[in-house]
Peer 1: 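So that we are looking at the same thing, I have put the structure below in structure tokens.
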Protein chains: 2
Amino acid sequence: MKGPAVSAEELRRRRDLDDVPSRPQAIREAAIALFFERGYHGTSMRDIASALNMRAPSLYNHLESKQQLLQDIMISDITIMLEEFADATATTTDIIEKIRRGAEAHVRHHARYARESRIGNTEIAALEEPSQSRLKSLRRSYAAEWRGLVEQAVAQGRASTPAPDLASSAIIDMGIGVARWFRTDGRLTDSTLATYYGDFALSLIGAPLMKGTS
Amino acid sequence: MKGPAVSAEELRRRRDLDDVPSRPQAIREAAIALFFERGYHGTSMRDIASALNMRAPSLYNHLESKQQLLQDIMISDITIMLEEFADATATTTDIIEKIRRGAEAHVRHHARYARESRIGNTEIAALEEPSQSRLKSLRRSYAAEWRGLVEQAVAQGRASTPAPDLASSAIIDMGIGVARWFRTDGRLTDSTLATYYGDFALSLIGAPLMKGTS
DNA sequence: CCTACCGATCGGTAGG
DNA sequence: CCTACCGATCGGTAGG
């Protein structure tokens, strides 16, 4: 017989269905795990290759450089976070509900993508330009959006905090902190956690919690 | 004439008065600045030496190893933080006031020692054993103390949060976040910041703020 | 405090 | 996908 019994396309289809990662995806996953555990500079290409039972030079058939790997991880993580935040806050016009849903999205992201989020918050200095400036700029916009929401709530008389800028920083930071300790296999789901933190956010800005809403 | 015009002791006395750091202190300070900016693995001994107009081998007249430098910085930082927290919470028996003062001490520390605190929270993986285990253990005790305080407030009917464990994590994490963005030369002093965050902590756990207390 | 230098390891390339 | 190997840089030592 000539030709393979199973075509390359067929294999690719099965892989997609079975959730078996492609080589580039597997490398990325290993890099995320190692950068999270040991940091970017604390991880060598040999470490990543070793986790996949490969040799370091073979990695370069699938990526350009170690730095490119970091940039992909960090930029795609913050892009996803910004999208999730935009989607969450767009589902209502009520400012308090916007803040609640924004905080939930923020925390859910830092729980679900704990490793990527932590890398995104600790390895900024390891990013080469222009990616570093781009990422910082995205983070500044995100913080500014949050500040705007809290200021709006205060302006509408729906929140009472005397320091909307600090309150929004505190909300962001308590979410970022989640990425340091949240474990997917723990007793809490990311959504349950997000619900609690949504309440924390409203309490923090001095917005009365409506009982029985959730 | 024989002997120096100014004795070594005299020089040391002047240095202490003028706040001119000793060589080991200057090295430690340079290491803190660089570990904060670039991370432990992103900083070389040559970088540290260069910041002091020295050559790397000369550093070894004042320290044992790069790792020892990191351990000193991290262990002394958390030791100071634990002391400040213990002192702050010991000044009152009222549970809510304990939490307020504890939160203020926590935030003040992360503002005043922003660089050391950030290193302490990002470079744990770079610590060799047994220091790494020791530091993790100290952090766990600190988190447990916080959880205990919040649970006590709830038990006494002074706070209403349904999740004291998460609330205490949120308080700790919003303080840790301060170390990422606080600048000593900014418009806020660490004490002003701490006062706001003390209120945030009480709001977060569902403890009514007493107006006009501060 | 320095220069000279060490072995180890790094990210990455050549070539198959 | 591999082995062989590159120049650069690392933490640290020897010796003065």
Side-chain angles (χ1 to χ4, degrees), chain A residues 4 6 8 11-12 15 20-74 119 123 125-129 131-132, chain B residues 4 6 8 11-12 15 20-74 119 123 125-129 131-132:
Chain A
V6 180
L11 279 175
R12 208 175 306 119
R15 190 192 63 205
V20 176
S22 68
R23 223 31 171 171
Q25 282 169 337
I27 293 170
R28 186 190 153 96
E29 179 63 24
I32 288 170
L34 286 163
F35 291 170
F36 175 73
E37 284 169 23
R38 312 178 190 176
Y40 177 74
H41 290 303
T43 302
S44 70
M45 293 305 274
R46 284 160 178 83
D47 290 335
I48 297 172
S50 172
L52 299 164
N53 286 313
M54 295 169 68
R55 310 293 159 196
S58 302
L59 294 173
Y60 290 86
N61 289 308
H62 305 286
L63 52 85
E64 283 184 23
S65 67
K66 187 190 180 190
Q67 175 67 207
Q68 185 63 54
L69 202 47
L70 180 68
Q71 291 181 10
D72 285 349
I73 292 166
M74 292 180 78
I119 293 167
E123 302 293 353
L127 267 188
E128 291 172 10
E129 296 291 3
S131 291
Q132 182 176 134
Chain B
V6 180
L11 278 175
R12 207 176 306 118
R15 189 193 63 206
V20 176
S22 68
R23 220 34 170 169
Q25 282 170 336
I27 292 170
R28 186 190 152 96
E29 179 63 24
I32 288 170
L34 286 163
F35 290 170
F36 175 73
E37 285 168 23
R38 312 179 190 177
Y40 177 74
H41 289 304
T43 302
S44 71
M45 293 305 274
R46 283 159 179 83
D47 290 335
I48 297 171
S50 172
L52 299 164
N53 285 313
M54 296 169 67
R55 310 292 159 196
S58 303
L59 295 173
Y60 290 86
N61 290 308
H62 306 286
L63 52 84
E64 283 185 24
S65 67
K66 187 190 181 190
Q67 174 67 208
Q68 185 64 54
L69 203 47
L70 180 68
Q71 291 182 9
D72 284 348
I73 293 166
M74 292 179 78
I119 293 167
E123 302 292 353
L127 268 188
E128 291 172 8
E129 294 293 2
S131 293
Q132 181 176 135

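Order of the sequence lines fixes the chain letters, A, B, ..., with proteins taken first and strands second; residue numbering starts at 1 for each chain. Basis for what follows: all heavy atoms, side chains included, without hydrogens, waters or symmetry-related copies.
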Peer 1: Looking at dT3(D), I'd like to know if its phosphate oxygens (OP1 or OP2) sit under 4.0 Å from a side-chain N or O belonging to R55(A).
Peer 2: yes
Peer 1: So does L34(B) get a backbone contact from the side chain of T43(B), meaning a donor-acceptor N/O pair under 3.5 Å?
Peer 2: yes
Peer 1: Reckon H62(A) touches a base, only the sugar-phosphate, or nothing at all at heavy-atom distances under 4.0 Å?
Peer 2: sugar-phosphate
Peer 1: In whole angstrom, what separates D47(A)'s CG from dC10(C)'s P?
Peer 2: 7 Å
Peer 1: L70(B) CG to dG11(D) P: how many Å, rounded?
Peer 2: 12 Å
Peer 1: Find the distance Y60(A):OH to dC10(C):C1' and express it as a whole number of Å.
Peer 2: 9 Å
Peer 1: Would you tell me whether S50(A) and D47(A) have side-chain atoms, one donor and one acceptor, within less than 3.5 Å of each other?
Peer 2: no
Peer 1: Just how far, in rounded Å, is P of dG11(C) from CD of Q67(A)?
Peer 2: 12 Å
Peer 1: Side-chain donor-acceptor pair under 3.5 Å between N61(A) and S58(A), yes or no?
Peer 2: no
Peer 1: Can you identify which nucleotide, out of dC1(D), dT3(D), dC10(C), has its nearest atom closest to the M54(A) side chain?
Peer 2: dC1(D)
Peer 1: For A56(A) and A56(B), take the nucleotide of DNA chain D holding the closest heavy atom to each; which residue's nucleotide lies nearer the 5' end?
Peer 2: A56(A)
Peer 1: Verify the distance criterion only: is there a donor paired with an acceptor across the side chains of S22(A) and Q25(A) at less than 3.5 Å?
Peer 2: yes
Peer 1: Restricting to non-hydrogen atoms, name the atom on R38(A) and the atom on H41(B) that form the minimum distance, rounded to 0.1 Å.
Peer 2: O-CD2, 4.3 Å
Peer 1: Between dG12(D), dT13(C), dG11(C), spot the one nearest the side chain of S65(B), thanks.
Peer 2: dG12(D)
Peer 1: With a 3.5 angstrom cut-off on both distances, give the Watson-Crick or G-U wobble partner of dA8(D), or none if there isn't one.
Peer 2: dT9(C)
Peer 1: Just compare dG11(C), dC10(D), dC1(D) and give me whichever is closest to any side-chain atom of M45(A).
Peer 2: dG11(C)
Peer 1: Of all the nucleotides listed (dG12(C), dC10(D), dC1(D)), which has the minimum atom distance to the side chain of P57(A)?
Peer 2: dG12(C)
Peer 1: Would you mind reading off the distance between Y40(B) atom OH and dC10(D) atom C1', rounded to a whole angstrom?
Peer 2: 11 Å
Peer 1: Across the strands shown, which category fits S58(B) at heavy-atom distances under 4.0 angstrom: base, sugar-phosphate, nothing?
Peer 2: base
Peer 1: Pairing check on dG15(C): which nucleotide meets the Watson-Crick or G-U wobble criteria with it, both distances under 3.5 Å?
Peer 2: dC2(D)
Peer 1: Which nucleotide, dC5(D), dC2(C), dG11(D), lies nearest any side-chain atom of R46(A)?
Peer 2: dC5(D)
Peer 1: Round to a whole Å and report the spacing from CG of L34(A) to P of dG11(C).
Peer 2: 12 Å
Peer 1: Grab the CG-P distance between N53(B) and dC2(C) for me, whole Å please.
Peer 2: 9 Å
